[in-house]
Participant: 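This is the structure, below, for whatever I ask next.
Just so we're on the same page: letters track the sequence lines, and every chain starts at 1.
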Amino acid sequence: MTAAEHGHGGGMPRRDFLIVATGTVAVVGAAAAVWPLVDSMNPASDTLALASTEVDLGPIAEGQSITVQWRGKPVFIRHRTADEIKQARATDAATLPDPMRDEERAPNAKWLVLVGVCTHLGCIPLGQKNAEPKGEFGGWFCPCHGSHYDTSGRIRKGPAPANLEVPKYTFLTDTKVRIG
Amino acid sequence: MSEMQLKNPMLRWIEYRLPIFSFIDHSVGSQYPAPKNLNYWWNFGSLAGIALVMQIATGIMLAMHYTPHADMAFDSVERIMREVNYGWLLRYFHANGASLFFLVVYIHIFRGLYYGSYKYPRELLWWFGLIIFVLMMATAFMGYVLPWGQMSYWAATVITNLFTAIPWIGVGITEWLWGGFTVGNPTLVRFYSLHYLLPFVIVGAVFLHLWALHQHKSNNPLGIDIKGPQDTIPFHPYYTYKDLVGLGVFLVVLFGFVFYHPNYMGHPDNYIPANPLQTPAHIVPEWYFLPFYAILRAIPSKLGGVIVMAASILVLFLIPWLDTSRVRSTKFRPVYRWFFIFLVIDVVLLGIVGAKPPEGIWILIGRLATLYYFLHFIIFMPFVGWFERPLPIPDSIHQPVLGAAVGAAAAGENKR
């Protein structure tokens, strides 16, 4: 190696600097080129556009549940009985696996709105129809791996790590709700 | 490469320009030396390769009739069964072929475990085998989703939901995999694309597997190195024909399923079109995933279950170093042999547990069997290797066959 190859003044030789700089630019460029490929797999614009659903609550009698589809997922809407509300509100939230008060989950106590997807591995819990098992806590029971949810959709027993998700929703009128 | 004596002038013309015939002859022909003592357990490697080729061939034909769309996939599969000429044969061959491909690969893996084929200097060979195994699992899973029946849909849901266990970014990753907020049409189409791609990635990994194999040649039932030409016979014709015998047996079993019990290993629920609002009462994976499914369910925590299931495969990458015994073949390991038998029983037991609903005694059995699986590799493998006194090992591969006298003569010859 001669002084000319090292450049002047020592320190980092010019050639090493050029190699590192070129390599860095190449890596950044490659990452930038890969991103469109990766991002193309994310939900497309038309999939994102199907983001809200309106539901008429009028026909749902007390003690009855219906299932509607929102973003391809089932959403459970239950018209809770006074008993179910009492049960949900009487439970001490602090003792639960995923502590949350029923008042936060159902501000309008009569109506419980939940994403009907088990938080374990995504099965649909049973309990929407009267003939179906509702689990040990009177809410829902997931047949796949045995998770029990209570009348507030909170996880009480089984492998699921979290409560059934409460989607964003707003009451448009007393009997009309928009999910999403 | 040595000159090849080709009689046909046309072949000689090609060979002079592209030495493909001598390449084949050196790879799987008369110029590739294989240990002379290989038993029938050594059939399953080439058999797995043939099974891969058969899956690709039938899969390409099926792809010509299949429609990858959530509204049409199920009907297009039924059309293959009813209208397409020999469509039923192609589909049943492909579905049952996948099952037997796994059977062959599991036997191949346990063969490697018993005879210590993962040990020095074959660690990378073992790794590429495991990589092929993982790629096979991904390919089989995505292929199972394509008919878009109830089991397809819910298998896709449960398996992709494993990724939601990852803290913080899990849901984002899962929605990226789905291309939506649930398993849906975008998921089906990308699984179809990947199900077509991955078999060719497997072919690439198979080439690396074979490259590493040819570097140090096959291990053998005695687990000792090839010391000279007296220990080997040419791959062709000896092992090519032996492999063909095994292929014959394999095809008898495969066609037995295809013609007489084509749905034996399937689930009736998969003949119900996918319904995103109704989970079937019992979700059970295909038999070849059952041990891993049992391990997943043995851990009473979502993230924990996923981590332990992944670890059950990752631990296999470490066994070239976890096994401290210098003796390759378990034939000469009187203590480890028992542990090997227990491991086989344990994995079969895990498979049984995976098929049962997670209730009562099965939960306990599943947990104990999972614990034993890890104890085997992490505790017993290193400790037995340290304390065990192996049986005397023959000096060479040909000695037990031809006797010590010939062995000594041949060894002398070798020195010159």
Participant: Which heavy-atom pair separates B:Val158 from A:His145 by the least distance, and what is that distance?
Facilitator: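 That would be CG1-CE1, 4.4 Å.
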Participant: Is it the side chain or the backbone of A:Gln128 that comes within 4.5 Å of chain B heavy atoms, both, or neither?
Facilitator: neither
Participant: Crowded around A:Asp39 CG? As in, over 12 foreign heavy atoms under 6.0 Å?
Facilitator: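 Check passes, neighbour count above 12.
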Participant: If you count every heavy atom of other residues, nucleotides or ligands that lies below 6.0 Å from A:Trp111 atom CH2, does the total exceed 12?
Facilitator: yes
Participant: Find the distance between CG (A:Leu126) and CD (B:Gln278) and round it off to the nearest 0.5 Å.
Facilitator: 7.5 Å
Participant: So with a 6.0 Å cut-off around CZ of B:Phe163, is the heavy-atom count from everything else above 12?
Facilitator: no
Participant: Please identify which of these residues, A:Cys144, A:Cys118, A:Pro125, A:Cys142, meets the side chain to side chain contact (heavy atoms under 4.5 Å, CB included) condition with B:Thr279.
Facilitator: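 Going through the options one by one, the only one that passes is A:Cys144.
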Participant: Which atoms of A:Pro74 come close to chain B, meaning under 4.5 Å heavy atom to heavy atom: side chain ones, backbone ones, both, or neither?
Facilitator: both
Participant: Around atom CZ of B:Phe374, are there more than 12 heavy atoms from other residues, nucleotides or ligands closer than 6.0 Å?
Facilitator: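 Yes, CZ of B:Phe374 has more than 12 neighbouring heavy atoms, counting only those of other groups under 6.0 Å.
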Participant: For A:Val38, does its backbone N or O pair with a side-chain atom of B:Trp176 as donor and acceptor, under 3.5 Å?
Facilitator: yes
Participant: Considering non-hydrogen atoms only, spot the tightest contact between B:Gly180 and A:Pro43 and give its length.
Facilitator: N-CG, 3.6 Å
Participant: What part of B:Leu277 lies closer than 4.5 angstrom to a heavy atom of chain A: side chain, backbone, both or neither?
Facilitator: both
Participant: Is it the case that atom CZ in B:Phe207 sees more than 12 heavy atoms from other parts of the structure closer than 6.0 Å?
Facilitator: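 For B:Phe207, atom CZ is not crowded (no more than 12 foreign heavy atoms under 6.0 Å).
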Participant: Working note: B:Thr157 + A:Cys123, criterion side chain to side chain contact (heavy atoms under 4.5 Å, CB included); need CA distance, chi angles, decisive distance, verdict.
Facilitator: CA-CA 7 Å; B:Thr157 298; A:Cys123 295; over 6 Å; no
Participant: Taking atom CG of A:Asp92 as the centre, report whether more than 12 heavy atoms of other residues, nucleotides or ligands fall under 6.0 Å from it.
Facilitator: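 More than 12 within 6.0 Å, yes.
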Participant: Counting only non-hydrogen atoms closer than 4.5 Å, does B:Leu296 touch chain A with its backbone (N, CA, C, O), its side chain (CB onward), both, or neither?
Facilitator: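 Answer is side chain: those atoms of B:Leu296 sit under 4.5 Å from chain A.
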Participant: What residue, out of A:Gly72, A:Ser40, A:Gly158, A:Gly122, has the most heavy-atom pairs lying under 4.5 Å from chain B?
Facilitator: A:Gly122
Participant: So, does B:Lys302 use its side chain to make a donor-acceptor pair with the main chain of A:Ala160 at under 3.5 Å?
Facilitator: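 Absent.
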Participant: At their closest point, which heavy atom of A:Leu48 faces which heavy atom of B:Phe181, and how far apart are they?
Facilitator: CD2-CZ, 3.5 Å
Participant: Nearest 0.5 Å, please: how far is CH2 in B:Trp178 from CG in A:Asn42?
Facilitator: 13.0 Å
Participant: Contact part of A:Val117 toward chain B, heavy-atom cut-off under 4.5 Å: side chain, backbone, both or neither?
Facilitator: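 Looking at A:Val117, nothing touches chain B.
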Participant: Measuring from atom CD1 of B:Ile159 to atom CG of A:Leu121, what distance do you get when rounded to the nearest 0.5 angstrom?
Facilitator: 8.0 Å
Participant: Hey, does the side chain of B:Arg190 reach the backbone of A:Met41 with a donor-acceptor pair shorter than 3.5 angstrom?
Facilitator: yes
